[in-house]
Amino acid sequence: MIERIRAVLVTADDTMLVIRRTKPGIPEYWVLPGGGVEAGDESREAALHREIHEEIAGKADIVRLLHTMESDEERQLFYLARITTWSFDDRTGPEFSAEGRGEYALEEIPLTAEGLDGIDLKPQEIAHVLRGAISAGSLAGEATR
């Protein structure tokens, strides 16, 4: 089974970092930073730290596992994390130079229902989970402690 890890990266300003994906012939959409767990990763958390470094040259403190999605072929784990530093210009992930992968743009959106409503976050299930956590008031406070 393929395992993927993604991070809900909350900034000190109660915003969330997301990646806007633009591909020819497909409406733009947004994803959370992350990627596949590789054989050399010591743990899922180590894989997440590696992916955050590759994708946004960032450093984050993982707060907790927020949500898991599973199908027959894939398991996705979504972690809540505080992002302390990042630089999209210094990213190193191999996907950024691959032909035909489209464009990646890092954006900061408000960690609010309105902020989420303004983007098409994929997968839709994590967008729903985030809306519920925002409504409960549990996300921002927990990630900025």
Side-chain angles (χ1 to χ4, degrees), residues 1-38 41-96 98 101-145:
M1 175 179 287
I2 296 171
E3 278 199 331
R4 299 189 189 286
I5 36 74
R6 300 221 172 260
V8 176
L9 295 173
V10 180
T11 71
D13 296 327
D14 286 338
T15 62
M16 178 174 68
L17 298 181
V18 292
I19 297 175
R20 180 173 34 93
R21 293 297 319 274
T22 308
K23 296 181 181 181
I26 299 173
E28 68 183 4
Y29 62 96
W30 287 255
V31 295
L32 298 171
V37 176
E38 298 176 359
D41 293 324
E42 292 181 16
S43 65
R44 293 171 178 148
E45 291 80 6
L48 188 59
H49 284 294
R50 177 185 48 75
E51 286 288 344
I52 291 168
H53 177 72
E54 288 176 0
E55 292 193 1
I56 62 172
K59 294 200 182 307
D61 296 320
I62 298 172
V63 176
R64 67 176 173 91
L65 180 64
L66 182 67
H67 186 68
T68 302
M69 288 174 44
E70 203 165 316
S71 68
D72 290 339
E73 308 86 34
E74 179 178 85
R75 177 181 299 129
Q76 289 194 69
L77 298 111
F78 296 86
Y79 288 86
L80 179 62
R82 286 183 297 274
I83 186 77
T84 53
T85 62
W86 66 92
S87 171
F88 204 57
D89 293 334
D90 296 323
R91 63 191 178 185
T92 60
E95 63 270 27
F96 300 116
R101 294 283 303 199
E103 293 181 28
Y104 293 74
L106 186 66
E107 296 183 352
E108 247 182 285
I109 65 159
L111 194 56
T112 61
E114 295 79 20
L116 278 174
D117 290 344
I119 65 171
D120 183 14
L121 184 64
K122 302 289 186 190
Q124 288 184 340
E125 184 174 328
I126 194 60
H128 179 73
V129 167
L130 289 174
R131 279 185 185 87
I134 289 168
S135 293
S138 64
L139 222 50
E142 185 176 2
T144 54
R145 276 189 214 132

Output the distance between atom [atom1] ([X]) and atom [atom2] ([Y]), rounded to the nearest 0.5 Å.
X	Y	atom1	atom2	value
Leu111	Leu116	CG	CG	7.0 Å
Ile109	Leu121	CD1	CG	7.0 Å
Gln76	Thr68	CD	OG1	10.0 Å
Ile52	Ile83	CD1	CD1	5.5 Å

Q: Scan Leu32, Val31, Leu9 and name whichever one has a side chain to side chain contact (heavy atoms under 4.5 Å, CB included) with Val18.
A: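 Of the listed residues Leu32, Val31, Leu9, the side chain to side chain contact (heavy atoms under 4.5 Å, CB included) partner of Val18 is Leu32.
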Does some side-chain heavy atom of [Y] sit less than 4.5 Å from a side-chain heavy atom of [X]?
X	Y	value
Tyr79	Ile5	yes
Leu130	His128	no
Trp86	Leu106	yes
Glu45	Leu48	no
Met16	Val8	yes
Pro33	Ile19	yes
Glu51	Arg6	no

Q: Could you walk me through whether Thr15 and Glu108 pass side-chain hydrogen bond (donor to acceptor under 3.5 Å, both in side chains), step by step?
A: CA-CA 6 Å; Thr15 62; Glu108 247 182 285; 2.6 Å; yes
Q: Begin from the C-alpha positions of Glu103 and Lys23 and carry the test salt bridge (Lys or Arg N to Asp or Glu O under 4.0 Å) through to its verdict.
A: CA-CA 6 Å; Glu103 293 181 28; Lys23 296 181 181 181; over 6 Å; no
Q.
For Ile134 versus Ala113, what's the shortest heavy-atom pair and its separation?
A.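 Scanning both residues, the minimum pair turns out to be CG2-N, 3.8 Å.
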Q) Mind checking what makes side-chain contact (heavy atoms from CB on, under 4.5 Å) contact with His49, not counting sequence neighbours? A)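 Ile62.
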Who pairs with [X] by side chain to side chain donor-acceptor pair (under 3.5 Å), at least two apart in sequence or on another chain?
X	value
Glu125	His67
Asp90	Ser87
Glu107	Arg20, Trp30

Q.
Quick one, Glu74 with Arg4, criterion salt bridge (Lys or Arg N to Asp or Glu O under 4.0 Å). Give me CA distance, side-chain angles, the key distance, then yes/no.
A. CA-CA 8 Å; Glu74 179 178 85; Arg4 299 189 189 286; 2.6 Å; yes
Q: For Arg44, check salt bridge (charged side-chain N to carboxylate O under 4.0 Å, His left out) against everything at least two apart and list the hits.
A: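 Listed in chain order: Glu3.
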**Q.** salt bridge (charged side-chain N to carboxylate O under 4.0 Å, His left out) against Lys59, all qualifying residues, sequence neighbours excluded
**A.** none
Q. Going through the checks in order, is the side-chain contact (heavy atoms from CB on, under 4.5 Å) test met by Val37 and Leu77?
A. CA-CA 10 Å; Val37 176; Leu77 298 111; 5.7 Å; no
Q) Does any N or O in the side chain of Arg82 come within less than 3.5 Å of the main-chain N or O of Val10, such that one atom is a donor and the other an acceptor? A) no
